[in-house]
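Values below: every heavy atom of this structure, side chains too, minus hydrogens, waters and symmetry copies.
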Amino acid sequence: MPWLEKDEVLFIHVPRCGGTSITKHHKVSQKAIAGKNIFAQLGITYYYYRYRLLETANFPFTSYENAFALCEALLAAFVFIFFPSYIPVPYYMWFGAAMLFLNSSFVWTAPILMRLDVLRNFLMLIFGRVLCGNFADVGYLIGTNEKGYLFHLTAERALRYEYVTEADMKEKSFSIVRNPYSRAVSLYEYNKRACESFDHFIRDFHSQAMERYYEKGLTDSKDVYCHVLPMCAYTHWKGSQLVKTIIKQENLKHLVTTKWEGSKVPQTVREALTGIPHANGRKKKMHWSEYYSQETMDLVLEMYDEDFEVFQYDREIPGRKELVPKSIVRKRVAAQEAAEKDFVVAIEMPPIDAGEGASDHEQYYYPATECDSEKDRFNQVELV
């Protein structure tokens with residue numbers, strides 16, 4: 001959740017909703033290292049290098065680390081052939097090159113490192129304590145420290161850790177959300193392990209979401225991988241919306257091309273989102289809707305039911321009429337049960353003609369007053 005412009009525009013970065021393009025456009029990493037000591041500059045620069053690298057491939061082979069490992073292996077071969085008296089030095093060098101290659105290409109990746117609790121917590125400990133926080137900047141809220149992955153802090157956690165004031169969150173924050181079905185496919189493409197099917201991946205994420213988020217109310221990085229959480233966990237807490245402005249990704253291009261005509265998005269957010277290239281797209285073999293079976297549709301519906309409800313996304317999958325959305329018994333986060341009377345109202349702007357294929361309208365969500373029933377929670381409409 002970086003500051004795009006320090007103390008002016010706060011971006012609550014929901015994973016796999018187009019935020020990487022935004023932070024890259026605003027050169028957040030360059031702003032964060034300005035004035036830092038050499039160790040912090042090196043740490044943050046390397047961190048962002050790895051971040052960009054993992055956006056290109058789940059298991060990257062073309063990297064500076066692997067180039068170094070190859071040079072080390074070749075040098076070891078040279079020593080082995082021409083300086084036999086130095087044995088066993090070449091064997092140590094080969095071992096080091098092999099470890100560097102394995103860690104860079106396989107272990108320190110999202111499918112392994114982030115999805116395994118032990119490795120994720122180990123990384124947080126190393127970056128936050130052993131390396132003295134030099135791989136993060138709490139001013140711009142980027143990198144990783146002992147608190148977790150600052151890039152994807154939820155609004156509630158940022159307030160709880162006192163990284164952001166309530167006033168800043170209320171007046172300067174915005175977030176982008178997207179169709180939960182489409183987002184689940186993007187999560188899969190980014191986090192899938194070798195030969196892992198979409199069905200297996202969704203079952204794994206579903207079990208974690210149901211056990212850790214819905215049943216136990218866990219949101220901290222030490223307890224649950226940030227990609228598992230539903231989008232509303234980033235923008236809401238105890239039934240109230242914490243983020244000032246929420247925009248649907250499906251509407252963003254139209255809003256920008258029409259110069260935000262008829263929009264009530266704050267001017268600072270408009271300026272921050274204008275001219276953003278989509279630099280984080282991955283080519284898929286098929287449209288996201290084709291990934292789904294009835295089972296995976298049901299699991300995503302249950303896992304992200306709150307997202308469908310709060311952000312008013314259609315529970316049907318376009319072009320897949322044979323898949324029927326089942327009724328979901330809404331589950332509450334255990335940590336939020338004390339807030340039974342805190343509700344959220346969905347505020348919908350007047351319809352916008354977004355052209356062919358763009359069916360969603362721009363929507364904003366703000367904290368609501370107490371409602372008489374659960375049904376009224378989403379029936380009340382209040383224009384802003």
Side-chain angles (χ1 to χ4, degrees), residues 15 20 29 33 38-136 142-146 148-152 187-198 200-201 204-205 208 221-222 225-228 280 282-283 285:
T20 300
S29 60
I33 65 176
I38 186 64
F39 300 106
Q41 290 185 28
L42 290 174
I44 294 173
T45 299
Y46 180 74
Y47 183 91
Y48 256 83
Y49 153 72
R50 286 296 300 182
Y51 182 82
R52 292 192 300 269
L53 181 65
L54 295 178
E55 291 292 347
T56 63
N58 291 27
F59 301 103
F61 292 103
T62 304
S63 65
Y64 289 122
E65 294 91 338
N66 288 348
F68 183 87
L70 178 60
C71 292
E72 185 178 7
L74 292 175
L75 180 60
F78 179 82
V79 173
F80 181 82
I81 295 173
F82 296 101
F83 300 92
S85 61
Y86 282 89
I87 294 176
V89 171
Y91 294 103
Y92 294 135
M93 296 175 67
W94 279 324
F95 178 78
M99 290 297 99
L100 179 58
F101 169 75
L102 289 174
N103 279 286
S104 173
S105 298
F106 297 101
V107 178
W108 305 117
T109 61
I112 306 301
L113 172 68
M114 301 306 288
R115 289 177 63 180
L116 294 178
D117 294 346
V118 172
L119 289 180
R120 187 175 64 253
N121 281 278
F122 176 72
L123 179 72
M124 291 162 54
L125 175 65
I126 294 296
F127 280 6
R129 299 296 184 183
V130 179
L131 297 177
C132 303
N134 285 318
F135 282 74
I142 63 170
T144 297
N145 62 12
E146 70 278 5
Y149 194 26
L150 303 186
F151 217 56
H152 291 310
L187 289 170
Y188 164 67
E189 291 292 346
Y190 184 81
N191 292 285
K192 66 180 178 182
R193 294 166 179 164
C195 302
E196 184 177 26
S197 68
F198 183 65
H200 181 274
F201 172 83
D204 179 44
F205 264 45
Q208 292 188 54
S221 294
K222 65 183 177 64
Y225 179 25
C226 61
H227 283 209
V228 172
N280 188 29
R282 289 193 182 188
K283 293 183 178 179
K285 295 181 180 179

Requested in this report: Determine, using ring centers only, whether Y47 and F135 are less than 6.0 Å apart.
Outcome: no

Query raised in the report: Does F78 reach the side chain of L74, with side-chain heavy atoms less than 4.5 Å apart?
Result: no

Query raised in the report: Heavy-atom distance under 4.5 Å between the side chains of F151 and Y48, does that happen here?
Result: yes

Query raised in the report: Can you list the steps and then say if H227 with H152 is a side chain to side chain contact (heavy atoms under 4.5 Å, CB included)?
Result: CA-CA 9 Å; H227 283 209; H152 291 310; 4.2 Å; yes

**Report entry** Ring center gap for Y92 and F95 short of 6.0 angstrom
**Finding:** no

Report task. Any chance you could measure L53, atom CG, to E65, atom CD, to the nearest 0.5 Å? Result -> 6.5 Å

Report task. Tell me yes or no: between the side chains of R50 and S63, is some donor less than 3.5 Å from an acceptor? Result -> no

Query raised in the report: Distance-only, no hydrogens or angles: does the N103 side chain make a donor-acceptor pair with backbone N or O of W108 under 3.5 Å?
Result: no

Report task. Could you grab the distance from atom CD of E189 to atom NZ of K285, nearest 0.5 Å is fine? Result -> 9.0 Å

Query raised in the report: So do Y225 and F205 actually touch side chain to side chain, heavy atoms under 4.5 Å?
Result: yes

Report task. Anything under 30° is parallel, anything over 60° is perpendicular, the rest tilted; go ahead and classify F83 against Y86. Result -> perpendicular

Requested in this report: For R115 and K192, work out which heavy atoms get closest and say how close.
Outcome: NH1-CA, 4.1 Å

Query - Minimum heavy-atom distance between Y190 and L54, given as atom pair plus value - result: CE1-O, 3.5 Å

Query raised in the report: Which pair of heavy atoms, one from I44 and one from I142, lies closest together, and at what distance?
Result: CG2-CD1, 3.9 Å

Query raised in the report: Is it the case that more than 12 heavy atoms not belonging to Y49 sit under 6.0 Å from its OH atom?
Result: yes

Report task. Could you tell me whether a side-chain N or O of Y51 sits under 3.5 Å from a main-chain N or O of G143, the two making a donor and an acceptor? Result -> no

Query raised in the report: What is the minimum heavy-atom distance between S104 and P60, and which atoms define it?
Result: O-CG, 4.1 Å

Requested in this report: Check the angle between the aromatic planes of W94 and Y91 and answer parallel, tilted or perpendicular using the 30° and 60° thresholds.
Outcome: perpendicular

Report summary line: In this structure, CZ of F127 is separated from CG of L123 (nearest 0.5 Å) by 4.5 Å

Report summary line: dist T144:OG1 -> L131:CG (nearest 0.5 Å) comes out at 11.5 Å

Report summary line: dist T109:OG1 -> N191:CG (nearest 0.5 Å) comes out at 9.5 Å

Query raised in the report: Near F106 CZ, under 6.0 Å, is it more than 12 heavy atoms from other residues, nucleotides or ligands?
Result: yes

**Report entry** Exercise: identify the closest heavy-atom pair between P90 and A76
**Finding:** CB-O, 3.4 Å

Report task. Taking all non-hydrogen atoms of both residues into account, name the closest pair between R120 and M114 and its distance. Result -> NH1-O, 2.6 Å

Report task. State the CG-OG distance between L100 and S105, to the nearest 0.5 angstrom. Result -> 8.5 Å

